[in-house]
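Counting starts at 1 for both ligands and their atoms, following the listed order.
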Amino acid sequence: MSTGNDPAFIPEGVDLDRPNAARIYDWFLGGTANWAIDREFGARAVETFPQIKMIAKIGREFLGRGVTYLSRQGIDQFLDLGSGVPTVGNVHEIADSINPGSRCVYVDNEPVAVAHSRVLLERDGDPERHAVVHGDLRDPHDIWRKALATGVLDTERPIGLIMASVLYFVSPEDDPHTVVARYRDLLPSGSYFLTSHLTDDGIPHDDEEASRHEIRKQYLKSSTPFHYRSRAEFTRFFDGYELVEPGVVWAPEWHLDAGASKATRKVVDNPNYSGALVGLGRKP
Ligand SMILES: C[S@@+](CC[C@H](N)C(=O)[O-])C[C@H]1O[C@@H](n2cnc3c(N)ncnc32)[C@H](O)[C@@H]1O
């Protein structure tokens, strides 16, 4: 795949004056769709909070386990909001490995993530089954309209809606609970909602506690500040859904399987070190 370091590959609309979450996250995961400004920010973040790369990896793995679980339940179409720069374990690849012929629409508001997804899908995807949309998930009706316009999703059948490691970028002023509820209302019955979120609720009271707050302050200077939410606030995202067992838990506690990486295994005994709450709900 083309790299972010290639000056010829700067997608339109990219803001290179400020570091951006999609590109920083890509750097945390070892990708190349990032620029010096993102890498410098990432390196500072690692200095402040060395666990951050591990947390990114744990989050990505949860996404993979969630898609695997859903695919085994027969869900074969996905709407992945805040899908990020393609990296190991992309949703359409996992879904296809279980249900060949599965469908997926990726959505992101960062032009680099969209452009890289497009490159990947042009190379490996099937235009009838895979698409990428540039849009802001805070506008559910616009996203829904654009996602359906791709012709990839069938609204007569259940859809796996994913918002992995993204809702914490939605500020309280943008009322994320109402946003999430709008998508729920649009989804056909039998659909699922898979999500994960950073929290400062129930995290270890140790030296890292201050770092978790310091890192948030650093992100306030990026184009993508983030917000911690409590367990109760996170759980409210599942209003109107039936929570799938084991309910709202720490990321490493959710359907852990033999494929878990060292990063995830390392925190199995102290799952709150992951700092990320996760859950899966089914719309009745
Ligand atoms: C931390 S990454 C997570 C990527 C992927 N979901 C995963 O779990 O590996 C967050 C992604 O959400 C995107 N994002 C943030 N706010 C968004 C918004 N309002 N609408 C759409 N995408 C958004 C960012 O650009 C970034 O690509």
Side-chain angles (χ1 to χ4, degrees), residues 4 11 13-15 18-31 33-34 38 41-42 45 52-68 78-94 104-118 120 132-144 146-147 160-176 178-180 182-183 193-198 215-216 219 222-228 251 254 261 263-264 274-280:
V14 173
D15 175 3
R18 282 191 299 171
N20 170 277
R23 292 155 10 207
I24 301 164
Y25 187 72
D26 174 69
W27 184 78
F28 286 153
L29 292 173
N34 47 73
D38 308 307
F41 183 94
I52 197 159
K53 281 189 174 181
M54 172 196 82
I55 288 174
K57 200 153 190 239
I58 290 172
R60 186 77 192 168
E61 278 187 32
F62 159 72
L63 168 65
R65 295 201 302 282
V67 174
T68 301
F78 293 89
L79 177 58
D80 184 3
L81 307 185
S83 47
V85 175
T87 180
V88 178
N90 294 305
V91 170
H92 77 285
E93 292 161 347
I94 300 175
C104 180
V105 176
Y106 291 115
V107 177
D108 208 285
N109 67 350
E110 163 56 33
V112 171
V114 173
H116 278 259
S117 302
R118 208 157 268 149
L120 175 76
V132 54
V133 164
H134 184 219
D136 191 317
L137 71 84
R138 291 171 296 180
D139 187 347
H141 288 282
D142 181 57
I143 295 293
W144 196 252
K146 286 180 179 162
L161 172 68
I162 302 171
M163 296 191 212
S165 304
V166 64
L167 278 172
Y168 48 79
F169 293 115
V170 181
S171 77
E173 294 82 66
D174 289 323
D175 195 356
T178 299
V179 168
V180 166
R182 292 231 167 94
Y183 286 105
F193 173 47
L194 181 77
T195 190
S196 54
H197 205 294
L198 292 176
I215 197 88
R216 195 175 105 72
Y219 264 83
S222 75
S223 59
T224 43
F226 75 83
H227 310 269
Y228 290 121
W254 199 90
S261 73
T264 296
S274 67
L277 291 169
V278 304
L280 173 68

* Asked: Which of parallel (below 30°), tilted (30 to 60°) and perpendicular (above 60°) describes Phe226 and Tyr168?
  -> perpendicular
* Which protein residues have a heavy atom under 4.0 Å from ligand 1? -> Ala22, Tyr25, Arg60, Leu63, Gly82, Ser83, Gly84, Asp108, Asn109, Glu110, Gly135, Asp136, Leu137, Arg138, Ala164, Ser165, Val166, Tyr168, Phe169
* Backbone N/O of Val85 and side chain of Asp108: donor-acceptor pair under 3.5 Å -> no
* Structure fact -> salt bridge (Lys or Arg N to Asp or Glu O under 4.0 Å) filter on Asp139, not counting sequence neighbours, yields none
* **Proximity of Phe78 and Tyr106 rings by center, below 6.0 Å** => no
* Measure from the side-chain N and O atoms of Arg60 to the backbone N and O of Leu29, and report whether any donor-acceptor pair falls under 3.5 Å. => no
* Asked: Would you say Ser223's side chain and Arg18's backbone share a donor-acceptor pair under 3.5 angstrom?
  -> no
